[in-house]
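Structure record follows, encoded as structure tokens.
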Amino acid sequence: LSGAILGIILAVIMNWKSIHSAIQYCWSGKLGKTKYSWDKTIYRSPLISRWVAISMPLLLLGNEALFLISNNTYGALVEMEIDLGDQVITPDPIFKFGLANSVRDMWNAQVYALAVLIAMFSAAWPHLKLGAMYFCWFAPPEILNRSNMSFMVSWLDALGKWSLIDTFVMVLFMVSFAFDLELADNLKVYVTVKPDIGFYTFLYATMLSLFLGHGLAYYWKLVDGKLVVPKDIKNSTLAKPVMNQTFSTAKGKFTFTYLGNALVVLSILVSLIASCVACYDKVMNFEFKGLTGAILEKSDPGSSTAAYSVLDIFSALPEKSGMGNDAGIVSIQYSFLFFTLAMPVIFIVMLLCMWCFPLPAKFQHTLNALLEVAQAWSALEVFAIAIAASLLEIQQFATFIIGSSCDTINAYLEENAGTRLDGDDSCFDVIATLRAPSWTLFLAVFLLIFFCLPLTRLIGSVIEGDDHMNKN
């Protein structure tokens with residue numbers, strides 16, 4: 001319920017312009033008098049084949065079904081294995097992560113920031129996005145005019161990746177909660193966080209939602225006439241670099257000066273370097289404390305502390321999950337790297353090329369569409385927000401997961417441990433912190449959100465503008 005409420009608030013804020021127009025329209029009394037142009041909807045457009053027109057809403061319904069399955073199944077299980085040498089005992093899972101129970105448990109544990117983020121972006125936003133896409137597919141221009149439709153479709157496409165918040169939080173839990181304890185020669189304990197069916201269905205449903213968002217954006221541009229290329233433009237004709245184009249705004253036209261272009265190029269290069277360095281540098285630190293940390297240190301000095309980069313998390317997932325080269329964990333592993341490193345780099349490189357170089361005019365629309373796709377799949381900023389929220393509150397949530405299981409041990413430790421546990425008299429504790437190099441990550445995120453995204457929109461406005469061909 002809290003996720004739905006927060007999602008509704010987010011949707012209202014993001015689409016206030018369209019909502020305000022709809023309210024004014026209804027208040028004017030025209031709602032019941034208007035004759036709607038149903039033949040001008042995307043669904044009824046003669047430019048779209050019937051099988052596409054029918055397939056899109058069916059795919060949206062299938063996508064919604066996948067999200068509902070993921071919401072009502074467990075996403076990850078905290079499991080323990082006790083190795084006695086000649087026998088391995090596997091008790092029931094210590095804790096089961098599901099989207100609904102995770103939000104509830106996080107809220108009960110007073111981990112409010114993480115609960116709100118997951119409820120808003122992973123519980124509510126995926127369903128709101130699919131509903132909005134369904135609405136766009138069938139809405140006549142009298143209800144959703146051209147300007148509002150373009151705005152809505154564009155931002156639905158760009159913001160779909162924020163559903164991945166929960167996925168990235170679970171990945172962090174996989175590496176942070178996993179540990180091996182060697183208590184004696186014939187007594188070892190392995191604790192892992194393993195993905196379950198809900199994790200996979202949510203990840204794949206999010207990917208499908210991104211693909212459908214691209215499909216909606218493409219067909220709307222086709223219907224709106226933004227993909228029409230004059231027949232006199234030859235394949236060999238090169239358009240001027242976007243940096244040399246004239247840009248139109250409500251306040252008039254402008255061009256970039258040499259200094260302005262130099263600053264734009266410099267900012268793109270800084271974004272690229274910061275994104276690469278941020279994925280290579282160890283930006284976060286996990287330290288096991290209490291009795292667990294002491295045992296880890298005794299059995300393997302230094303093992304109670306681990307620092308991770310994006311590449312480290314990628315490499316550690318098979319081992320930390322205890323699943324080895326299982327196809328499921330490998331798919332999570334490479335999806336994680338794809339969203340956090342590959343696509344941000346591809347997006348920024350494409351942005352640099354689109355801005356600086358003369359490209360074939362015949363294919364400008366295609367290249368611009370690919371740039372928007374790369375931006376939609378570039379999720380380093382989503383991962384950074386997941387890191388910030390998780391690291392701030394992971395200790396508190398870990399304590400909640402353990403619950404009362406360690407109460408007896410904790411009471412004994414408080415009476416007898418003295419200073420041997422550095423004042424952390426508990427059976428299990430984990431402290432997560434950001435490391436100094438993390439500034440590169442947040443610099444990259446700042447540039448991706450507040451520079452690269454607006455620049456992508458600016459490039460699109462030139463290429464898809466009614467008179468952009470006349471400027472070449």
Side-chain angles (χ1 to χ4, degrees), residues 11 14-15 17-18 21-22 25 34-67 126-161 204-233 235 360-377 456-457 459-469:
M14 291 173 53
N15 297 285
K17 183 179 177 182
S18 301
S21 298
Y25 184 77
T34 303
K35 184 177 181 181
Y36 298 106
S37 306
W38 296 108
D39 58 323
K40 294 183 180 179
T41 62
I42 302 178
Y43 173 72
R44 295 289 298 275
S45 173
L47 298 174
I48 298 177
S49 65
R50 283 297 85 199
W51 76 268
V52 170
I54 295 171
S55 296
M56 176 62 82
L58 292 177
L59 286 170
L60 289 172
L61 290 175
N63 202 171
E64 176 65 22
L66 279 178
F67 276 122
H127 306 287
L128 289 168
K129 180 194 173 187
L130 292 176
M133 290 170 63
Y134 201 89
F135 174 70
C136 290
W137 194 253
F138 291 102
E142 291 81 8
I143 293 178
L144 198 59
N145 63 37
R146 177 185 176 188
S147 174
N148 290 337
M149 175 74 86
S150 296
F151 176 85
M152 196 167 177
V153 168
S154 174
W155 285 105
L156 286 173
D157 190 31
L159 299 178
K161 61 188 174 185
Y204 302 146
T206 302
M207 291 181 176
L208 176 58
S209 177
L210 287 170
F211 279 118
L212 293 178
H214 303 327
L216 175 64
Y218 171 80
Y219 287 114
W220 164 243
K221 290 177 183 179
L222 182 66
V223 171
D224 197 35
K226 292 181 179 178
L227 299 185
V228 177
V229 179
K231 295 180 180 179
D232 58 344
I233 300 293
N235 291 342
K362 194 77 173 181
F363 303 108
Q364 270 198 326
H365 285 293
T366 301
L367 296 172
N368 181 59
L370 291 175
L371 178 65
E372 292 177 349
V373 168
Q375 187 280 323
W377 290 74
T456 302
R457 293 287 174 258
I459 291 173
S461 70
V462 171
I463 293 176
E464 294 175 359
D466 293 335
D467 60 341
H468 81 276
M469 285 296 176

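Here, residue 1 is the first one in the sequence, and each next residue gets the next number. None of the values given here were measured: they were computed from a predicted structure.
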- Query: Between the main-chain N or O of Trp38 and the side-chain N or O of Thr41, is there a donor-acceptor pair closer than 3.5 Å?
  - Reply: yes
If you measure from [atom1] on [X] to [atom2] on [Y], what distance do you get to the nearest 0.5 Å?
| X | Y | atom1 | atom2 | value |
| --- | --- | --- | --- | --- |
| Leu159 | Leu128 | CG | CG | 12.5 Å |
| Leu130 | Leu156 | CG | CG | 9.5 Å |
| Ser147 | Asp224 | OG | CG | 10.0 Å |
| Leu61 | Leu66 | CG | CG | 11.5 Å |
| Leu59 | Ser209 | CG | OG | 11.5 Å |
| Ser154 | Met149 | OG | CE | 13.0 Å |

Parallel, tilted or perpendicular, as decided by the 30° and 60° cut-offs, for the rings of [Y] and [X]:
| X | Y | value |
| --- | --- | --- |
| Phe67 | His127 | perpendicular |
| Phe138 | Tyr134 | tilted |
| Trp137 | Tyr219 | perpendicular |

Using every non-hydrogen atom in the two residues, find where [X] and [Y] come nearest and quote the distance to one decimal.
| X | Y | result |
| --- | --- | --- |
| Leu208 | Asn63 | C-OD1, 3.6 Å |
| Val153 | Cys136 | CG2-SG, 4.2 Å |
| Asp157 | His214 | OD1-ND1, 2.7 Å |
| Thr456 | Glu372 | CG2-CG, 4.3 Å |
| Met133 | Leu216 | CG-CD2, 3.7 Å |

- Would one find more than 12 heavy atoms of other residues, nucleotides or ligands at under 6.0 Å from atom OH of Tyr218? no
- Query: How would you list, by chain and number, every residue that makes a salt bridge (charged side-chain N to carboxylate O under 4.0 Å, His left out) with Lys129, sequence neighbours excluded?
  - Reply: none
- Report yes or no: is the cationic atom of Arg146 (NZ for Lys, CZ for Arg) under 6.0 Å from the centre of the six-membered ring of Phe151, at an angle within 45° of the ring normal? no
Is [Y] close to [X] at the side-chain level, that is, under 4.5 Å between some pair of heavy atoms?
| X | Y | answer |
| --- | --- | --- |
| Tyr43 | Arg50 | yes |
| Met152 | Trp220 | no |
| Lys161 | Gln375 | yes |
| Leu144 | Phe135 | yes |
| Asn368 | Val462 | no |

- Message: Under a plain distance cut-off of 3.5 Å, with no hydrogens placed, do Glu142 and Ser37 share a side-chain donor-acceptor pair?
- Response: yes
